[in-house]
Amino acid sequence: MEPSTLTIHEARRKLRAGELGAEALIRSYLARIDAINPKLGAYLTVTRDSALARAQAVDRRIAKGEPLGPLEGIPLAIKDVICTKGVPTSCGSKILTGFIPPYDATVILRLQAAGAVILGKTNMDEFAMGSSTENSAFFPTRNPWDLDRVPGGSSGGSAAAVAGDLCAGALGTDTGGSIRQPAALSGVVGLKPTYGRVSRYGLVAFASSLDQIGPLTKDVRDAALLLEAIAGHDPLDSTSADRPIPDYQAVLGEGIEGLRIGVPEEYFVEGMDREVEDAVTEAIRVLEKLGARVERVSLPHTKYAVATYYLIAPAEASSNLARYDGVKYGLRAPGGKDLIQVYGRTRAGGFGPEVKRRIMLGTYALSAGYYEAYYGKAQRVRTLIKRDFETAFGKVDLIVTPTSPSAAFRLGEKTADPLEMYLSDIFTISANLAALPAISIPCGFTPRGLPIGLQLIGRALDEATLLRGAHAYEQATDWHRRRPPLAGTGT
Ligand code: GLN
């Protein structure tokens, strides 16, 4: 078996048992990246030399019998919105041309402390705005299951890298669905932790009240392993929760006998693809067979979620992105006669169309005279959406929904119509607005062979139950074991 196809927990076991060397593992990924990344466009930067050097150090540690970290020697890919010391961090944007962070994000330091090896930085929609990775300023990423289709977004590079066996696992970020939707469209597991569970120090901000970092992996056990490594309080992020991290590995085997699972009627709406609906309905039956008690719940404000998100997220983005002025970081357009011209030219040339659209939407929503009508109102609706979940979680332990209304769409299919693109996140946005943890796991395939995702949403800070439910379903099915044709050809 090719080492690059291993899950994190399998590779970990083999490394410890001496059946596989860390350098051999890294070389297997680097060879695959050389062969496949030109087609897939998953990586923007590959940190070949540092990855090899770290892997050699791991082999020396293993040979000496030194104590090993929980992720010792595991090759991971990082979305290019997370700062990595000495390695370019572009956010998929031209405006950060030449930006090399002088420090590592907290999640990077934690992964390295656990022994992980960073393989490189992955492609994304510019500043994480998008659902297809077509808004990357560099090139789109393609879906390993069908190269004419998108991998989802905005963490599409990370999802495609995991699905295509170009890394053992990856980090993405999720503001309105950007971990879960690409996980669903690419056939992998994607977990958005509770807001505050994972430090965002060193994450380039998009919408600060919504952004979270989380894992994309080949199975649920791997998601638990990665979450355990990156979660926890960080004094450098004032929004990070000072709460203990449970032993996620330990709860996985507990099963779901008696667990109460809610199915929200508002999530089974017209416009959803028939094949998605069928796969999710069947998945609910599987959960029931495993001993869960399934009941209907109502989240009546769901229909306002997309509109609410597209006021709050652009408003926060318009403020966060004000810092790209051609003075402090990255690109500075030449020829400006005064400061205002430097700002104008740099931002006009440095940002792509979707980022400009969001900045304009957000600036408008925050402007004097409109603030209350748009931003203020959106904040109040956000509270109603949160309350819907509080009521539902009075009755049930988990909520189950589709992750995305359709499977992977074709490149170019939705680029002409931003609204159509925004609707890809109709099922994922509410969890961000309500600050709740949610996971997407594979739950079937369309007749064309495209993956379908099942979403589970949990109570705040209760990733343990979320992982337990997801793991029980996964172990009862074999969707997560299917590999895209690309992965089998050795090309
Ligand atoms: N697709 C959504 C957007 O474009 C969500 C993006 C994200 O979660 N970063 O804003």
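The analysis underlying the following values was restricted to heavy atoms, covering all of them including side chains, and did not include hydrogens, waters or symmetry mates. Both ligands and their constituent atoms are indexed starting at 1 by order of listing.
Paired with Asp174 under the rule salt bridge (Lys or Arg N to Asp or Glu O under 4.0 Å), one option of Lys79, Arg180, Arg200 passes, and it is Arg180. Of the residues listed (Val400, Val263, Leu398), the one engaging Leu287 in a side-chain contact (heavy atoms from CB on, under 4.5 Å) is Val400, and it is the only one.
Residue contact check for ligand 1: Ala313 places no non-hydrogen atom closer than 4.0 Å to it. Look at Arg358 and you'll find a heavy atom under 4.0 Å from some atom of ligand 1.
Near Tyr310, the atoms of ligand 1 lying under 4.0 angstrom from a non-hydrogen atom of the residue are 2 (C), 3 (C), 4 (O), 10 (O). Which parts of ligand 1 touch Ala128 is read off a 4.0 Å heavy-atom cut-off, strictly below it: atoms 6 (C), 7 (C), 9 (N). Less than 4.0 angstrom separates some heavy atom of Gly176 from each of these atoms of ligand 1: 5 (C), 7 (C), 8 (O). Within ligand 1, the atoms closer than 4.0 Å to a non-hydrogen atom of Ser154 are 9 (N), numbered from 1 in the order shown. Numbered from 1 in the order shown, with element, the atoms of ligand 1 that lie under 4.0 Å from a heavy atom of Asp425 read 1 (N), 2 (C), 5 (C). Distances below 4.0 Å separate heavy atoms of Ser131 from the following atoms of ligand 1: 1 (N). Every atom of ligand 1 with a heavy atom of Phe206 under 4.0 Å away is listed here by number and element: 9 (N), 10 (O).
The shortest N/O to N/O separation between Gly130 and ligand 1 falls below 3.5 Å. Of the N or O atoms in Met129, none lie within a sub-3.5 Å distance of an N or O in ligand 1.
The OG atom of Ser4 sits 5.0 Å away from the CZ atom of Arg32 when rounded to the nearest 0.5 Å.
The protein atom (non-hydrogen) at minimum distance from atom 7 (C) of ligand 1 is Ser178 OG, 2.4 Å. Annotation: atom 10 (O) of ligand 1 to nearest protein heavy atom, Tyr309 OH, 2.6 Å.
The pair Arg197-Glu463 counts as a salt bridge, with a side-chain nitrogen and a carboxylate oxygen less than 4.0 angstrom apart.
Two residues are said to be in side-chain contact when any heavy atoms from C-beta on lie closer than 4.5 Å; Tyr343 and Arg332 fail this criterion. Side-chain contact between Met124 and Val81 is present, with at least one heavy-atom pair separated by less than 4.5 Å.
A cation-pi contact, defined as under 6.0 Å to the ring centre and within 45° of the axis, links Lys414 to Phe409.
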Pair Tyr267-Phe427, ring pair (Phe, Tyr, Trp, His ring centres under 6.0 Å): steps then yes or no: CA-CA 7 Å; Tyr267 280 62; Phe427 300 142; 5.5 Å; yes
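Ring centers of Tyr324 and Phe99: at least 6.0 Å apart, outside the cut-off.
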